[in-house]
Amino acid sequence: MKSLLGIIPCVFLGWILSLLGVPLAYMFGAIAAVIIAFRLKIELTAPKHSLTIVQIVLGSSIGLMVKELPMEEGQDILRLLPALLVCLVLQFSAGYWWFHRKMGWTRAESVLGSVPGALAAIIVLTEHSKTPPQKIVISHAIRLVVLIIIAGVITGLNPPPAAKQVAFVYTPEIIGWLILIAIGGYVVGVLLERIRVPAPYMLTSLVVASVVHYFSGINLKMPELLSLLSMALMGMRIGLYFNAFSGSALISNIWNSLQSVFIALVVTVSVAIVAAQWMDYPIYLLVLSWAPGSMEAMLFAAMAMKVNVGIVMASHIIRMSLLHIVPVIVVIIEGRRKKS
């Protein structure tokens with residue numbers, strides 16, 4: 001009950017930030033609420049199964065987007081796939097080198113810290129692998145903030161046309177399908193956990209949501225309330241990690257994280273320049289498609305710049321899917337290596 005009551009101030013502060021137009025307001029509001037409460041000697045803890053809820057909601061949200069992808073752009077997406085894979089490998093390699101060689105992180109910390117995105121999955125995997133999560137989560141949070149700021153600058157310089165807000169009505173049939181997705185993602189996730197696959201719920205929910213949405217024959221959408229709640233729960237987890245450091249140590253980790261973000265962005269822009277010359281695509285389209293995180297911010301920036309939103313969305317869905325698979329494989333390999 002105490003942890004459930006702790007959600008209230010986090011959501012309230014997130015709501016205030018949303019009125020001010022802050023992106024991902026409920027996540028940042030929860031982070032701020034947890035940090036402020038800690039300074040006031042008040043304990044705010046996330047509910048026990050909050051990460052499972054976050055995985056199911058985020059995985060389902062991404063899975064429901066798959067049906068919206070324009071089929072005529074499939075050729076472009078397949079053509080860009082090898083370059084996307086090269087970009088991901090270089091982003092990961094550069095991040096790993098920086099964290100492990102320059103900052104002295106352990107191999108496990110460097111692997112999880114250098115994954116270009118997938119913050120929710122990283123939080124789960126750090127807990128599963130018993131890797132100290134504080135530095136890793138701060139690194140990913142700083143990357144997210146930087147990308148949101150960049151997207152905000154882009155959209156500020158190129159404001160998108162005002163879109164008509166159409167109310168989405170949740171009929172009993174739609175609610176039934178969404179419940180089926182949640183149950184399916186959870187049940188399959190439990191089965192994968194029994195064979196020791198860590199953090200499976202986001203992947204299983206993504207797959208179940210995309211399959212169910214395809215065969216349902218109707219338009220499905222994740223309720224905004226659940227999305228906001230999941231952001232608040234994830235923000236509560238992140239805020240707890242920020243509290244683990246003293247002021248000077250926190251500033252030092254933030255500075256190191258900013259440097260790693262800069263390296264990842266340099267890699268992304270460099271690969272985009274080469275790919276644009278080779279395959280005749282706009283550089284800014286490729287940068288938005290391959291940016292290491294924050295799919296929502298990059299999509300909004302793509303709409304503002306009036307570029308191909310379908311390619312940007314598809315690239316990020318593919319990137320997120322791969323990034324949720326690769327760390328799981330790494331954790332399994334590391335676990336078997338330790339046993340042997």
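Looking at heavy atoms from C-beta onward, L178 lies out of side-chain contact with L226 at the 4.5 angstrom threshold. Residues Y96 and R107 have side chains in contact (heavy-atom distance under 4.5 Å, counting atoms from C-beta outward). With a 4.5 Å cut-off on side-chain heavy atoms, L81 and I77 do not count as touching. A heavy-atom distance below 4.5 Å is not found between the side chains of V11 and L228. A 4.5 Å side-chain heavy-atom check between L265 and P292 finds at least one atom pair inside the cut-off. Q91 is listed as a side-chain neighbour of C87, based on a closest heavy-atom distance under 4.5 Å. Side-chain contact check for L147 versus R143: some heavy-atom pair is nearer than 4.5 Å. Between F92 and V111, some side-chain heavy-atom pair lies under the 4.5 Å cut-off.
With Y201 as reference, T52 is the one residue of V57, T52, V54 to meet the side chain to side chain contact (heavy atoms under 4.5 Å, CB included) rule. In summary, of the residues considered (T268, L88, V89), a side chain to side chain contact (heavy atoms under 4.5 Å, CB included) with P116 occurs for L88 alone.
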### Query
Would I56 and S60 count as a side-chain contact (heavy atoms from CB on, under 4.5 Å) if you check the C-alpha gap in whole Å, the side-chain angles of each, and the deciding distance to 0.1 Å?
CA-CA 6 Å; I56 293 174; S60 300; 4.1 Å; yes

### Task
Test R237 against S50 for side-chain contact (heavy atoms from CB on, under 4.5 Å), laying out the working first.
CA-CA 9 Å; R237 290 276 183 170; S50 58; 3.3 Å; yes

### Task
Take V187 and V208 through the side-chain contact (heavy atoms from CB on, under 4.5 Å) test and state the conclusion after the steps.
CA-CA 10 Å; V187 171; V208 171; over 6 Å; no

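H213 contributes a side-chain N or O that, together with a main-chain N or O of L220, makes up a donor-acceptor pair within less than 3.5 Å. Put simply, the side chain of Y26 never gets that close to the backbone of S18: no donor and acceptor are under 3.5 Å apart.
Hydrophobic clustering, defined by side-chain heavy atoms of Ile, Leu, Val, Met, Phe, Trp and Tyr closer than 4.5 Å, groups F262 together with V266.
One hydrophobic cluster holds both V267 and V86 under the rule that ILVMFWY side chains link at heavy-atom gaps under 4.5 Å. Hydrophobic clustering, with ILVMFWY side chains joined whenever heavy atoms are under 4.5 angstrom apart, keeps V312 apart from I273. Residues V211 and W177 do not share a hydrophobic cluster, defined by chaining ILVMFWY side chains whose heavy atoms lie under 4.5 Å apart.
When all heavy atoms are compared, the tightest approach of I238 to M27 is CD1-SD, 4.1 Å. Of all heavy-atom pairs spanning I283 and A276, the tightest one is CG1-CB, 3.5 Å. The heavy-atom pair separating V271 from A83 by the smallest distance is CG1-O, 4.2 Å. Summarising the geometry of V287 relative to A272, their closest heavy-atom pair is CG2-CB, 3.7 Å, with the distance given to 0.1 Å. For the pair L44 and L240, the tightest heavy-atom approach, listed with the atom from each and the gap, is O-CD2, 3.5 Å. L58 approaches S230 most closely through the heavy-atom pair CD2-OG, 4.2 Å.
No more than 12 heavy atoms of other residues, nucleotides or ligands sit less than 6.0 Å from atom OH of Y186.
Listed by chain and number, the residues in a ring-ring contact (aromatic ring centres under 6.0 Å, His included) with W105 are F99 (sequence neighbours excluded).
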